[in-house]
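Presented below is the structure to which this report refers.
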Number of protein chains: 2
Amino acid sequence: MATHITAGRGTRPLPDENPCVACEVREFAVCGALDPEELAQLSALMTQVMVEAQGTVLCEGDPATFLFNIVEGTIRVHKLLPDGRRQITGFLYPGDFLGLAVHDSYAYSAEAITDSRLCRFPRDDFYTLMRQMPRLEQRLLGMASNELIEAQDQILLLGRKTAQEKIASFFLMISRRAARRGQPENPIHLPMGRTDIADFLGLTTETVSRTFTQLKTSHVIRLLENSQVLLADQGALSSIAQGQ
Amino acid sequence: MATHITAGRGTRPLPDENPCVACEVREFAVCGALDPEELAQLSALMTQVMVEAQGTVLCEGDPATFLFNIVEGTIRVHKLLPDGRRQITGFLYPGDFLGLAVHDSYAYSAEAITDSRLCRFPRDDFYTLMRQMPRLEQRLLGMASNELIEAQDQILLLGRKTAQEKIASFFLMISRRAARRGQPENPIHLPMGRTDIADFLGLTTETVSRTFTQLKTSHVIRLLENSQVLLADQGALSSIAQGQ
DNA sequence: CGATCTGTTGAAGTGAGTCAATAGTGGTGG
DNA sequence: CCACCACTATTGACTCACTTCAACAGATCG
């Protein structure tokens, strides 16, 4: 049966039955494809874990023992070069799945940006169950397909866009993803710091900061309190993101 | 039943039965997962098409009517910005599948670099069949997973590597992929021109050319005739690719 | 209230891009 | 078979977008 581990056990009593039934992100997540019976089987494998801000979820090179489903919080996924250069390959939000691109060991590290709650599944058990649930496998294939499309957009961004275009594209991506989760698409919230944004866009913190200022000065965005950014002129932002 | 269209019909008589049985790339391709019965069903959907060098396989934005399996030749997949900047997101070789990251319309264009032969499947029929063949779906999920891992490597390369590191990584990737297809891993063959390499690595042709010359001068590679490159010092190449 | 961390701004440097000329390479036809 | 053309690759000189290095400004917190 699903259990909580680490901090936060007593924050809210879980229903005696299946905790997944009441899950708020289920419709966006892998588990959204399952019927109640299948959901019960999957939840039987599941352990909920809390990871506090800046904590590690998994490490590049470690044996891939677990797969995760993000329920609350924001996760950053990154790869490192031996000399310490870092590339963030993605930010994960509630409903996102962590472990699609996994073989025997993790090819990337993942850390929590904010305090986060995740559903954790033993990889082997998950795969076994997947073999028995075509709908689960189809859903994962669909999610993998989406991630590939996003990865190719990111490849275009990194290979061919200027700093301004990268930042504008980034704002729009965050906005679109918030909308997909049913949250307001504007203003957007940026839980990650300038360094994370820089390492995601292949820039430096200084360039990110300067570009924010430029967009602010030209009234395309406005920086609000609490790491919120108002997209004041979405048309202009779209134009910039696509290179005019 | 499978048929040839366009040029090349008479090059070699197909067996009367299932042409896929004798296919040389089947073990590397999607179809490698199927039993003879399933293979026959899949091949019933299939049409072989020839695309000559520089010809178009599919166009970004077009309705995604077909999926493809590369049998012979090399394909480049790219995305364009409105002003014409191009990013090549991948090179496809025999055994590779074209259409994993596809929704209703193609999110990229694909062109043949050399004369190519492809197996073409109507997308809807392919998906229908996939629902009935768990092994096909599993295989596709595995291939999507591999592609995601490669995409993340490419993201690291584009975001954080220098020109030298990009070129060195590129040589090693081509070498590794040749080995995976059972071809010699050294010397490598580069069917694509400098412009393609530049647009794949987020560089210009000039920088690609200069970097080739640097690596040649430092005896890490040697340029042979017929677009072949000898990786003279693979250790040095690996060191460079990872940033020393 | 100082200490620490994150973000912003300034000044100077540089890796790769741009522009331009030259050198191969392969194809075609007289 | 060679002369010509078109195209791709190489090399050189110069420029620039972004980085690097450095100083400073806010926020957060014990």
Side-chain angles (χ1 to χ4, degrees), chain A residues 53-54 76 81 83-88 113-115 157-170 189-218 221-229 240 243-244, chain B residues 52-54 76 81 83-88 111 113-115 157-170 189-218 221-229 240 243-244:
Chain A
Q54 310 310 321
R76 66 171 167 252
L81 287 171
D83 64 359
R85 276 174 287 173
R86 184 179 72 151
Q87 177 67 40
I88 292 183
I113 292 175
T114 60
D115 292 346
L157 177 147
L158 291 169
R160 288 296 178 222
K161 289 190 181 178
T162 65
Q164 269 223 350
E165 292 162 4
K166 286 175 175 181
I167 298 281
S169 305
F170 175 69
H189 178 235
L190 302 181
M192 68 293 285
R194 297 291 184 265
T195 311
D196 286 346
I197 297 173
D199 284 351
F200 180 63
L201 299 176
L203 299 170
T204 59
T205 42
E206 291 93 332
T207 301
V208 170
S209 198
R210 277 186 251 271
T211 309
F212 273 45
T213 307
Q214 284 166 29
L215 292 173
K216 200 173 56 179
T217 308
S218 51
I221 60 166
R222 199 165 341 146
L223 301 183
L224 311 176
E225 69 286 350
N226 276 100
S227 335
Q228 299 231 306
V229 180
I240 295 172
Q244 286 114 52
Chain B
E52 58 185 15
Q54 311 310 321
R76 68 170 167 254
L81 287 172
D83 65 358
R85 277 173 285 172
R86 185 178 69 151
Q87 177 67 40
I88 292 182
E111 298 158 352
I113 292 175
T114 61
D115 291 347
L157 177 146
L158 291 169
R160 287 298 179 219
K161 290 190 182 180
T162 65
Q164 269 224 349
E165 292 162 4
K166 285 175 175 180
I167 297 282
S169 305
F170 174 70
H189 177 234
L190 300 181
M192 67 294 286
R194 297 290 185 267
T195 311
D196 287 345
I197 298 173
D199 285 350
F200 180 62
L201 299 176
L203 299 170
T204 60
T205 42
E206 292 93 330
T207 302
V208 170
S209 200
R210 277 185 251 271
T211 310
F212 273 46
T213 306
Q214 286 166 27
L215 292 173
K216 201 173 58 181
T217 308
S218 52
I221 61 165
R222 201 166 337 149
L223 301 184
L224 311 176
E225 68 288 350
N226 274 101
S227 335
Q228 298 231 306
V229 180
I240 295 171
Q244 286 113 49

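In what follows, every chain begins at residue 1, and chains take the letters A, B, ... in the order their sequences are listed.
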Could you work out how much the helix from C:dC1-D:dG30 to C:dG30-D:dC1 bends, comparing the axis of its first five pairs with that of its last five, to 10°?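 Here the helix ends are tilted 30° relative to one another.
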How long is the straight-line distance from CD1 of B:Ile197 back to CZ of B:Phe212, given to the nearest 0.5 Å?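 Separation between the atoms: 4.0 Å.
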Respond yes when some side-chain nitrogen or oxygen of B:Thr195 is under 4.0 Å from OP1 or OP2 of D:dT8, and no when none is.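 For B:Thr195, the contact criterion (side-chain N or O under 4.0 Å from OP1 or OP2 of D:dT8) is not met.
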Nucleotide by nucleotide, 5' to 3', does protein get under 4.0 Å of the base (B), only the sugar-phosphate (S), or neither (-) in nucleotides 13-21 of chain D, counting heavy atoms? B----SBBB
May I ask you to say what B:Thr205 touches in the nucleic acid, namely base, sugar-phosphate or nothing, with a heavy-atom cut-off under 4.0 Å?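 Nothing: the residue B:Thr205, judged by heavy atoms under 4.0 Å, touches no strand.
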Quick one: [X] [atom1] to [N] [atom2], roughly how many Å, whole number?
| X | N | atom1 | atom2 | value |
| --- | --- | --- | --- | --- |
| A:Lys216 | C:dT8 | NZ | P | 7 Å |
| B:Asp199 | D:dA9 | CG | C1' | 15 Å |
| B:Ile167 | C:dG15 | CD1 | C1' | 14 Å |
| B:Arg194 | C:dA23 | CZ | P | 18 Å |
| A:Leu158 | C:dA16 | CG | C1' | 16 Å |
| A:Leu190 | C:dT6 | CG | P | 16 Å |

Every protein N/O within reach of nucleotides 24-29 of chain D N/O, cut-off under 3.5 Å:
none

Which atom names give the shortest non-hydrogen contact between A:Ala53 and A:Asp115, and what distance separates them?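 Here A:Ala53 and A:Asp115 meet closest at N-OD1, 2.7 Å.
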Exercise: identify the closest heavy-atom pair between B:Ile113 and B:Pro191: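 Smallest heavy-atom distance, with atoms named: CG2-O, 3.3 Å.
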Using a 3.5 Å distance criterion without hydrogens, assess whether the side chain of A:Gln87 forms a donor-acceptor pair with backbone atoms of A:Asp199.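 Confirmed, A:Gln87 side chain pairs with A:Asp199 backbone.
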Check whether A:Arg86 reaches the backbone of A:Phe200 with its side chain - one donor and one acceptor, N or O, closer than 3.5 Å.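 Not at all, since once roles are kept as given, no pair shorter than 3.5 Å links the two residues.
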